[in-house]
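Below: one structure, written as structure tokens.
To find a chain, count down the sequence lines: A is the first, B the second, and so on, and within it residues start at 1. It should be emphasised that the depicted structure is a prediction, and the values quoted were computed from it without experimental measurement.
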2 protein chains.
Amino acid sequence: MHEQDAGLRVVHLLRAVTVELDRIGERFAARHALHPTDVRALICLLDAARTGTPATPGTLGAHLGLNSAGTTAVIDRLERLGHVRRERDTRDRRRVLLRVDESAVALGWSFFGPLIHEIVAVMGRFDAADQATIEGFLVGVHEAVTRERASREQHL
Amino acid sequence: MHEQDAGLRVVHLLRAVTVELDRIGERFAARHALHPTDVRALICLLDAARTGTPATPGTLGAHLGLNSAGTTAVIDRLERLGHVRRERDTRDRRRVLLRVDESAVALGWSFFGPLIHEIVAVMGRFDAADQATIEGFLVGVHEAVTRERASREQHL
DNA sequence: AACAAGAATCTCGCTGAGCGAGATATTGTC
DNA sequence: GACAATATCTCGCTCAGCGAGATTCTTGTT
């Protein structure tokens, strides 16, 4: 069993996991009258809420790769469903702050909860040293993939 | 450092990697006048070609989660760009076989090549035992995630 | 203070991806 | 040969997202 073979298998596995996660996201979207983009937006907003970063249409659009018109449309849809509220920033009154509602948080947990549980269970099969190895590998892959993307965006 | 913390961090890492891979796919699509769906279709067709499975509009549509009309549109676009050819199956003349062109294979390598190289490099930092651990973990995650998706599709 | 330049968001009209319904061609079954 | 099943395609429609520009507010300059 050569290292390179293991590398190729791992690439395939990562891709397969990615595909499955995407599909789950799509299913989830369909079940809640959302579009895949809306789910991505919700995840982004929940992340921001969790880390305390203020979210605005501008930051959201940048994360999603949408222009301002598309971003407005996403927020309109989420607001109509009651997952998000628009609030004028009192400091800089050009800006709009996006507040996620309780329903959005609950929605997020119903999406990620079972997934987190499953993966924590898989991790539970390994001892502490192996867990550290796995985490180190994923950190490495994340860095490598992020670097790859950055270099591709550069010579655009 | 509790196991559960490691589990959560790993979940976040996997999600981050997924997001990055998706973005790379989108960039790649934009650079080659393709839509994200077209890239997914190409990957699907290349996989089929590699494993020798005959690809048809029906199987492709099923993999992509599109209906027949949408599938026809995807194939039209790929055919117009010269990446795919339609060929009537001589056995069952209702069916159309999808043949990927050389250009599509080259396109696939230009997409995956650097990514594979990066990840193989990350794997190279670990010894054989750790590589086996990593692979085992990813297999476990893949199974878990696939099971999750299946159970969600079930009670639809 | 008045004004220009810039920033954040929204509105309008349009293109095109993907859907539903139905048409067309081919195959296996009775 | 009539008929249901299967594979693909056509047509018309909806709506996500884009480009261009309008609107509202802020900041720096004079």
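With contacts defined as side-chain heavy-atom distances shorter than 4.5 Å, the pair A/Leu98/A/Ile75 qualifies. The side-chain heavy atoms of A/Arg88 and A/Val96, taken from C-beta on, include a pair separated by under 4.5 Å. In this structure the side chain of A/Thr56 never reaches within 4.5 angstrom of the side chain of A/Asp89, judged on heavy atoms.
Salt-bridge check for A/Arg77 with A/Glu79: failed, with every basic side-chain N at 4.0 Å or more from each acidic carboxylate O. Using a cut-off of 4.0 Å between Lys/Arg side-chain N and Asp/Glu carboxylate O, A/Asp22 and B/Arg149 are scored as not salt-bridged.
Put simply, CD on A/Glu26 is 13 Å from C1' on C/dG18, counting in whole angstrom units. Residue A/Ile75 contributes atom CD1, which lies 9 Å from atom C1' of C/dT9 at whole-angstrom precision.
Cluster membership for A/Val19 and B/Phe28, using ILVMFWY side-chain heavy atoms within less than 4.5 angstrom, is not shared. B/Ile24 and B/Leu42 fall within the same hydrophobic cluster, where Ile, Leu, Val, Met, Phe, Trp and Tyr residues are linked whenever their side-chain heavy atoms come under 4.5 Å apart, directly or through other members.
Taking the six-membered ring for Trp and thresholds of 30 and 60 degrees, A/Phe137 and B/Phe126 have ring planes more than 60 degrees apart, a perpendicular arrangement.
As judged by a 4.0 angstrom heavy-atom cut-off over every strand, A/Ala73 is placed among residues making no nucleic acid contact. Among the heavy atoms of the strands, none lies under 4.0 Å from B/Thr71.
Projected onto DNA chain D by closest heavy-atom contact, A/Gly65 and B/Val96 fall at different nucleotides, the more 5' of which corresponds to B/Val96.
Close approach of DNA chain D to chain A, defined as any atom under 4.0 Å from a non-hydrogen atom of the protein, starts and stops at D/dA16 to D/dT26.
Residue B/Asn67 places at least one side-chain N or O closer than 4.0 Å to OP1 or OP2 of C/dC19.
Heavy-atom contacts from other residues, nucleotides or ligands closer than 6.0 Å to CZ of A/Arg50 number more than 12.
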Query raised in the report: Between A/Glu26 and B/Arg40, does a salt bridge (charged side-chain N to carboxylate O under 4.0 Å, His left out) hold up when you go through it step by step?
Result: CA-CA 14 Å; A/Glu26 283 168 22; B/Arg40 290 176 60 183; 3.1 Å; yes

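A/Phe112 carries B/Arg15 over the face of its six-membered ring, with the cationic atom under 6.0 Å from the centre and within 45° of the normal.
Of the residues in residues 56-63 of chain A, those lying under 4.0 Å from DNA chain C by heavy-atom distance are A/Thr56, A/Pro57, A/Gly58. Of the residues in residues 85-95 of chain A, those placing a heavy atom less than 4.0 Å from an atom of DNA chain D are A/Arg91, A/Asp92, A/Arg93, A/Arg94, in numerical order.
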